[in-house]
Each structure stands twice: as C-alpha cells, then as structure tokens.
Amino acid sequence: MAGWLVKSEPHDWSWQDQQETTIEPWTGVRNFQAQNNMRAMKVGDLVFFYHSGKNPAIVGLCKVSKSAYPDPSDDTKRFCLVDLKAVSSAATPVSLASIKADPDFQHLALVKQARLSVMPIDKEAWQKLYKMAAFPA
DNA sequence: GCCAACGTTGGC
DNA sequence: GCCAACGTTGGC
C-alpha cells in the first residue's frame, strides 16, 4: 500500500484545523514534483500529516478522500489537488530530529529534499514511522 | 530572523 | 535550450 506525507505550516493550516474539519481540499501545492506525487494518490491512501516550522514533526494521519482533480482556483489550469480527511492523531509525534537521527530514514525526501511538500513514503519506512507515532487503532 | 537549498522564470 | 537571477521554503 502506498503511503504519503504532506507538510503544512501550522500557522497556515495546522493539524488542529484539519481535525476540526471533515474534508480538506489540499490547495496551494505549486511544485511540479509535489504535484506529480499528488496525482499518484488514490482514494483511501494514507497520508502522514507533518508540521513544518517550529518543532517539525509528524503529528497526524489522514486519508485521501478524493484523488487528484483540477484546482478550480488555478487560472493556469496546471495544478491539481486532493481532498484529505483526518483519521487519527499521533500519540507520540515523530520529530524531524528523530527521523534524521535514524539511519533507516536517510533516503526519505523529508531528509534529503527539505523543500518538497508532498512525498511518497516507502513501505518499510512507513511501517516504522507508523509505529513510532503510535496511532490509536 | 537568518541563511542555505532549490525550483521557477525569463533573457538571450 | 541553457543558465543566471530571483523568490520561496523551511530548518536552525
């Protein structure tokens, strides 16, 4: 199963905000690589919700509730977005520092490409991160 | 708040 | 089509 990670700046859109809404159109992705990743998402795929900025960490788990469709607010018609739904909160947020400190995670785009805001997470890394975050069943 | 990394834009 | 300049993101 494919796993993903999306970043959000908490002052802009936080995990708190995400939980208080049912479905959130994931707008504002204006990077082709990130766009390509979003287009590869399927309904039901799970997505880590990551806070950038101060105390960067994986804080929550979302599910794709609608796969990529054109962003109606985009005049250039170049960009798509997906809808995300909050699933559960990490009992133990996984900090970027701890991810960087673990040799198993050195290949992740999160470590190697700081500026990419939507990225795939391979199965092994996903399972380990999932355990570390201790999501309630 | 600063600075490094990197993606995008635009001139040639 | 290349490359320099610029803007933005995000970690510290």
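Here is the naming used below: chain letters follow the sequence lines, and residue numbers restart at 1 for every chain.
- The two residues A/Trp13 and A/Thr21 come nearest to each other via the heavy atoms CZ2-CG2, 3.9 Å.
- Put simply, the side chain of A/Ile23 does not reach to within 4.5 Å of the side chain of A/Lys66, judged on heavy atoms.
- Note: A/Trp126 and A/Phe48 have parallel aromatic rings, judged against thresholds of 30 and 60 degrees for the angle between ring planes.
- Between atom CD of residue A/Glu9 and atom OG of residue A/Ser14 there is a gap of 10.0 Å, rounded to the nearest 0.5 Å.
- The main-chain N or O of A/Ala114 is found under 3.5 Å from a side-chain atom of A/Lys7 such that the two form a donor-acceptor pair.
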Produce a footprint string for nucleotides 6-12 of chain C: one letter per nucleotide, 5' end first; B if the base is under 4.0 Å from any protein heavy atom, S if only the sugar-phosphate is, - if neither.
-BBBSSS

